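Report on the structure given below.
Just so you know, these numbers use all the heavy atoms, side chains as well, and skip hydrogens, waters and symmetry mates. Only a predicted model underlies this, so the values are computations on that prediction, with no experimental measurement involved. Remember, it's 1-based here, ligands and their atoms both numbered in the order they're listed.
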Amino acid sequence: MSIIINWQYNIGHICTRQQCELGLGEKVAFRWISARQERIDYTFSDLDRESNRFANVLQSLGFAAGDILFTFLPKSPEQFFSFLGVLKLQVICGTLFSNFGDDALVDRLVDAKAKGIVTKKSFLKKIMRVRDQIPSLKYIIVTDIEEHLSADTLSYPALMREASANFIAPPTSPNTPSVLHYTSGSTGKPKGVLHVHRSILHQSRTASEVLTLNESDIYWCTADQGWVTGTSYGIIGPWSLGVTQIHYGGGYDAKLWFDLLQGEAVSVWYTAPTALRMLMREDVKLYKGYELNALRHIFSVGEPLNPEVITWARTTLGKDIYDTWFQTETGGIMITNRPGLVIKLGSMGTPLDGIDPAIIADDGELLENNIQGNLCLKTGWPSMFVTYLNNESAYNSKLKNGYYYTGDTAVRDDDGYYWFKGRSDDVINTAGHLISPFEVESALLEIEEVAESGVIGAPDELLYEKIVAFVQLHKQFSWSRELEVKIRLHISNRASSIATPQEIIIVDGVPKNKSGKIMRRVLKARYLGQDAGDISTLED
Ligand code: AMP
């Protein structure tokens, strides 16, 4: 059955109203499990009503199609209601990771000219600190205050109490803008990856074809809604298929996670390699006594999935883990292992039908099997991003001869399997989060004692890559434990806690080329004790 009825592509509508019209109104859409283990079930009718209310709230505040609103929330029911309500009104929904610091917030909200933000009381201080820098921001809607604080800092419960539960999403074309996620590059500010409602075709298809979701599943996706996996596969894909999800508001806790997998009878679980490696490090006794009979499949995304983890899952859990590859710009899974396909340990699997990757050399030559090059995708898949907001030149620079350059390097073997090799730029992947070395370097330079800095990603057994910062201090300062704490706090507050370096190395100078660009390649080679290659452009 096609998910598109009467040419209505609206993601908010398809994930809620349409499920009710298909007879699933009283089915549980998600079981909310708070960090304190309280449980509340929300049906598809609840999801429809609450998202309708939120669409009406926004409309009454003057929001209209094409405006941009961000959610800046931890996982919570309000995250789902507001995301779907925003989309119903054809407003664009940006999602922000709740750990973001001041600079990270300002960069994104200013670039997008955000008109509104939905947040929690405990994050208000952060927003108020930077508010003056975001002139476009008209409304701050706070999910956990009972009364409005001012004319523009409003109580979500109070607004929702007044709003009608009826809203009909306007007919929405496949090309109507929908979701905005920011992604980090190795230079410059983060780029706003803009998607359109058409993406639901691919997200729904892959939720069914790869994740094998069907109406009888209980599905758990651990990703935060601040990232693409959290929206494509924690909201859109599963709910477009009427699947019941569990959403858990707490963090990593091995025993609790196993209690959830068993107790909630989770049948399909989508998580990330760092979490799986953390589980692998736990004492095997922890898993004794669990019967994960309902669990049919485990999937992983975000970083390379090392063979040891798959082997561990086979021996400890008696299950395979299927590695899937995609990125913010692709909007959905492109290359993947999946049930029915023989897993080659360490490979990302094969492309889906209709997805046409190529391995291309820097000079544009299409490469044969078994030769490493740039991983590219023939343009035109349904969930392809449509631009980097306000940065058409960056978008165009990623497109050549009908291919989109993903920024990853890979190899295709003779059986058509793809093997991830690394990034073609300096972007760091730590625990599945892309971090811009430039953002960390900029934050470091704001610190009075720091004269120069260079930041690299270095291999790490748990995180895949750790962040290593090389710091040169101004002559009058010396290294101390206090300075280290100051640096860590500063980066956490300005960028995010996940951007905080695992290692800080004090150096006498940071290598730069003759035009003043930091030579991270040289720093990395020195750190790893390798040959730095051609250093003829190094500054004297
Ligand atoms: P993001 O856009 O933040 O979702 O990050 C996407 C990037 O994460 C990709 O371009 C890869 O570098 C990395 N990535 C995602 N999935 C995988 C995977 N299965 N194996 C290796 N790297 C991955």
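- Contacts between N429 and ligand 1, counted as non-hydrogen atom pairs separated by less than 4.0 Å, involve the side chain only.
- Residue V301 has no nitrogen or oxygen atom sitting less than 3.5 Å from a nitrogen or oxygen atom of ligand 1, judged on distance alone.
- In W227, neither the side chain nor the backbone holds a heavy atom less than 4.0 Å from any atom of ligand 1.
- Of all the listed residues (F299, W325, W419), W325 holds the heavy atom that lies closest to atom 17 (C) of ligand 1.
- When non-hydrogen atoms are compared, ligand 1 lies under 4.0 Å from the side chain of D323 (C-beta onward) but not from its backbone.
- Between T406 and ligand 1, no pair of N/O atoms sits closer than 3.5 Å.
- Side-chain contact check for S199 and Q203: at least one donor-acceptor pair (N or O, by modelled atom type) lies under 3.5 Å.
- Atoms of ligand 1 found under 4.0 Å from any heavy atom of T328 (numbered from 1 in listed order, with element): 1 (P), 2 (O), 3 (O), 4 (O).
- Shown here is D415, whose CG atom has more than 12 heavy atoms of other residues, nucleotides or ligands within 6.0 Å.
- No more than 12 heavy-atom neighbours from other residues, nucleotides or ligands sit within 6.0 angstrom of NZ on K378.
- Between E503 and K466 there is a salt bridge, with a side-chain nitrogen of the basic residue lying less than 4.0 Å from a carboxylate oxygen of the acidic one.
- The residue from M334, E303, K421, E329 that puts a heavy atom closest to atom 18 (C) of ligand 1 is E303.
- Scanning the protein heavy atoms around atom 6 (C) of ligand 1, the nearest turns out to be Q327 CB, 3.3 Å.
- Under the 6.0 Å distance and 45° angle rule, R108 does not count as a cation-pi partner of F70.
- Each of the following atoms of ligand 1 lies closer than 4.0 Å to a heavy atom of T324: 16 (N), 18 (C), 19 (N).
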message = Test salt bridge (Lys or Arg N to Asp or Glu O under 4.0 Å) on K524 and D426; report intermediate values, then the result.
response = CA-CA 10 Å; K524 192 159 183 168; D426 294 329; over 6 Å; no
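- What sits closest to atom 11 (C) of ligand 1 on the protein, heavy atoms only, is D408 OD2, 3.0 Å.
- Less than 4.0 angstrom separates some heavy atom of P304 from each of these atoms of ligand 1: 20 (N), 21 (C), 22 (N).
- Counting heavy atoms from C-beta on, the side chains of L295 and K319 come closer than 4.5 Å.
- Partners of F258 under the ring-ring contact (aromatic ring centres under 6.0 Å, His included) rule, at least two apart in sequence or in another chain, are Y287, Y290.
- Of all atoms in ligand 1, listed by their number and element, those nearer than 4.0 Å to a heavy atom of F326 are 6 (C), 15 (C), 16 (N).
- Any N or O atom pair closer than 3.5 Å counts here, and R423 shares at least one such pair with ligand 1.
- Using bins of under 30°, 30° to 60° and over 60° for the plane-to-plane angle, the ring pair W257/W220 lands in the perpendicular bin.
- Within ligand 1, counting atoms from 1 as listed, the ones closer than 4.0 Å to a heavy atom of G302 are 8 (O), 13 (C), 14 (N), 15 (C), 16 (N), 17 (C), 23 (C).
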ask   = What do the steps show when you test E209 against H202 for side chain to side chain contact (heavy atoms under 4.5 Å, CB included), and what is the final call?
value = CA-CA 10 Å; E209 208 174 299; H202 189 75; over 6 Å; no
